[in-house]
Number of protein chains: 2
Amino acid sequence: MEQLREMLKGHQLRTTTCREDVLSTFISKKNALSHGDLEGMLGENYDRVTIYRTLKTFLEKGIIHKVLDDEGLRYALCSQNCSEEKHQHDHIHFKCNECGETNCIENLHIPAVKLPEGYMPENFNLLIQGICPKCKS
Amino acid sequence: MEQLREMLKGHQLRTTTCREDVLSTFISKKNALSHGDLEGMLGENYDRVTIYRTLKTFLEKGIIHKVLDDEGLRYALCSQNCSEEKHQHDHIHFKCNECGETNCIENLHIPAVKLPEGYMPENFNLLIQGICPKCKS
DNA sequence: CATCAACATGCAACAGGGTTGCAAAATATT
DNA sequence: AATATTTTGCAACCCTGTTGCATGTTGATG
Ligand SMILES: [Mn+2]
Ligand SMILES: [Mn+2]
Ligand SMILES: [Zn+2]
Ligand SMILES: [Zn+2]
């Protein structure tokens, strides 16, 4: 509980119950969450818009990062110490076609790619879809 | 013109002007297009819903494939001969942060990744963002 | 601990993307 | 030319995400 306050303070954010709840949800669930997921879990306590703004703030401050998959947009905790200035993410995301969960695979980096002449890459985003260990029968 | 009819016929699709126009737009533009893009270009001739359904049909028949980027969903022609049964795409997509265009890089394949135990990969989707050759000053 | 400026929230309202049902129109087949 | 089948347009709808503004909270300060 106190840990959450510290995390928020560390990013120059005021402590509010919505921010604490959203943050602790990300910490307890390990998988990526959409706005809709959070609304489902916290929507009785907070307005939709407040949850959106919380996500937006967390994104700007480097607390969470975007995770893209074929269904849309989700968010997951930044494991490295990201900040307002620098979001660094070159890890892989895995989406399970069975349970629908999307997870960061933190310890696995995206392999280098040799692009044709003239392309200047800045960001890499690799999504792998398949069956996750939990759903492998 | 006649070529379009052949392509549609080859996928067991009736020839309609909307399908011809959408298909020829994909052929002439080289980059990935969103529904909104197509609506902007053809929206005066066809209803929004018709364009949606055309995209959905093309998707199912293996004429186009989905392209994901941080702004949402786009579509691009399948270069290989995809069909209703088999969509095969392991190429890279590049989105330019300057002009906003997203393109298939057909001749470059996604490098192999060694996932942790238990993961069974089925699909790979690599999006690289940066500056494209056209926008490189 | 009371005051206050800065910030966060709820509410209402809106724009956009995407979907469905159904009647009318167009297509391919005979 | 007649017909069965598919496609279209329209209206209506849901979901996601955004904005403006008045009200409520937070944390810093004296
Ligand atoms: Mn991640
Ligand atoms: Mn492609
Ligand atoms: Zn799973
Ligand atoms: Zn460009």
Side-chain angles (χ1 to χ4, degrees), chain A residues 1-2 4-25 32-61 63-75 84 100 102, chain B residues 1-2 4-25 32-61 63-75 84 100 102:
Chain A
M1 314 293 153
E2 189 54 32
L4 299 173
R5 298 183 74 87
E6 290 301 323
M7 274 188 75
L8 293 170
K9 200 176 236 174
H11 289 275
Q12 284 94 39
L13 287 177
R14 290 190 180 181
T15 305
T16 69
T17 55
C18 182
R19 286 175 181 171
E20 286 180 320
D21 283 354
V22 169
L23 186 50
S24 79
T25 303
L33 301 171
S34 68
H35 170 265
D37 295 332
L38 288 161
E39 198 187 342
M41 296 185 267
L42 306 172
E44 291 174 15
N45 306 316
Y46 310 106
D47 192 85
R48 278 175 0 98
V49 180
T50 304
I51 297 176
Y52 271 112
R53 289 197 267 229
T54 299
L55 290 171
K56 198 177 175 189
T57 303
F58 283 7
L59 207 52
E60 287 166 0
K61 294 292 182 174
I63 298 175
I64 58 177
H65 63 279
K66 287 187 181 182
V67 180
L68 303 163
D69 67 32
D70 59 340
E71 295 182 72
L73 184 53
R74 298 175 203 234
Y75 304 89
E84 198 148 4
T102 302
Chain B
M1 314 293 150
E2 190 54 32
L4 298 174
R5 298 182 74 87
E6 290 301 323
M7 274 188 76
L8 292 170
K9 201 175 237 175
H11 289 274
Q12 284 93 40
L13 288 177
R14 288 191 180 180
T15 306
T16 70
T17 54
C18 182
R19 287 175 180 169
E20 285 180 321
D21 283 354
V22 169
L23 186 51
S24 80
T25 304
L33 301 172
S34 68
H35 170 266
D37 295 334
L38 288 160
E39 198 186 343
M41 295 185 267
L42 307 172
E44 289 173 18
N45 306 318
Y46 311 107
D47 191 86
R48 277 176 357 99
V49 180
T50 304
I51 298 176
Y52 272 113
R53 289 197 266 230
T54 301
L55 290 171
K56 198 177 175 187
T57 303
F58 283 7
L59 207 52
E60 287 165 359
K61 295 292 182 176
I63 297 175
I64 59 178
H65 63 279
K66 287 186 180 182
V67 180
L68 302 163
D69 67 32
D70 59 339
E71 295 182 73
L73 184 54
R74 298 175 202 235
Y75 305 89
E84 198 148 3
T102 302

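Just so it is clear, the values below take in all heavy atoms, side chains as well, and ignore hydrogens, waters and symmetry mates. These figures come from a predicted structure and were not determined experimentally. Lettering of chains follows the sequences in order, A, B, ..., and the numbering in each one begins at 1.
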Interface limits on DNA chain C, where chain B has a heavy atom under 4.0 Å of a nucleotide atom: C:dG17 to C:dA28
Separation of atom CG in B:Leu73 from atom P in D:dG17, rounded to whole Å: 14 Å
Heavy-atom pair with the smallest gap, counting every atom of A:Ala32 and A:Asp37: O-OD2, 4.3 Å
Atom-pair distance (CD on B:Glu60; C1' on D:dT6), nearest Å: 14 Å
OG1 on B:Thr102 to CG on B:Leu33, rounded to 0.5 Å: 10.0 Å
Nearest-angstrom distance from the residue atom CG of A:Leu55 to P of D:dG17: 9 Å
Contacting residues from residues 41-49 of chain B, given that a heavy atom lies under 4.0 angstrom of DNA chain C: B:Arg48, B:Val49
Spatial distance of atom CG (A:Leu23) from atom OG1 (A:Thr54) [nearest 0.5 Å]: 10.5 Å
Closest heavy-atom pair and its distance - B:Arg19, B:Phe58: O-CZ, 3.7 Å
Distance (rounded to the nearest 0.5 Å) between B:Cys18 SG and B:Leu38 CG: 9.0 Å
Verdict with supporting geometry, B:Asp21 and B:Tyr46, side chain to side chain contact (heavy atoms under 4.5 Å, CB included): CA-CA 10 Å; B:Asp21 283 354; B:Tyr46 311 107; 2.7 Å; yes
Closest non-hydrogen atom pair, B:His11 against B:Met7: CD2-O, 3.1 Å
Considering all heavy atoms, the nearest A:Gln12-A:Lys61 contact: O-NZ, 4.2 Å
Sub-4.0 Å heavy-atom contacts from residues 11-23 of chain B onto DNA chain D, ordered by number: B:Arg14, B:Thr16, B:Cys18, B:Arg19
DNA chain D-proximal residues of residues 63-71 of chain B, any heavy atom under 4.0 Å: none
Separation between CG of B:Leu13 and OG1 of B:Thr57, rounded to the nearest 0.5 Å: 6.5 Å
B:Arg74 side chain to B:Asp69 backbone, donor-acceptor under 3.5 Å: no
Can you tabulate the close N/O pairs, meaning under 3.5 Å, that link protein atoms to atoms of nucleotides 28-30 of chain D?
none

Between CD on residue B:Glu71 and CG on residue A:Leu73, distance to nearest 0.5 Å: 12.0 Å
Heavy-atom closest contact (B:Thr15 atom, B:Arg5 atom, distance): CG2-NH1, 3.6 Å
Spacing of B:Thr50 atom OG1 and B:Asp47 atom CG [to the nearest 0.5 Å]: 5.0 Å
Whole angstrom value for the distance that separates C1' of D:dT6 from NZ of B:Lys56: 15 Å
Nucleotide D:dT18, atom P - distance to CG of A:Leu59 in whole Å: 10 Å
Shortest non-hydrogen contact from B:Ile51 toward B:His35: CG2-CD2, 3.6 Å
Close side-chain approach of B:Lys66 to B:Tyr75, heavy-atom, < 4.5 Å: yes
Axis deviation across the helix from C:dC1-D:dG30 to C:dT30-D:dA1, five-pair ends, to the nearest 10°: 30°
Between P of D:dC15 and CD1 of A:Ile51, the distance in whole Å: 16 Å
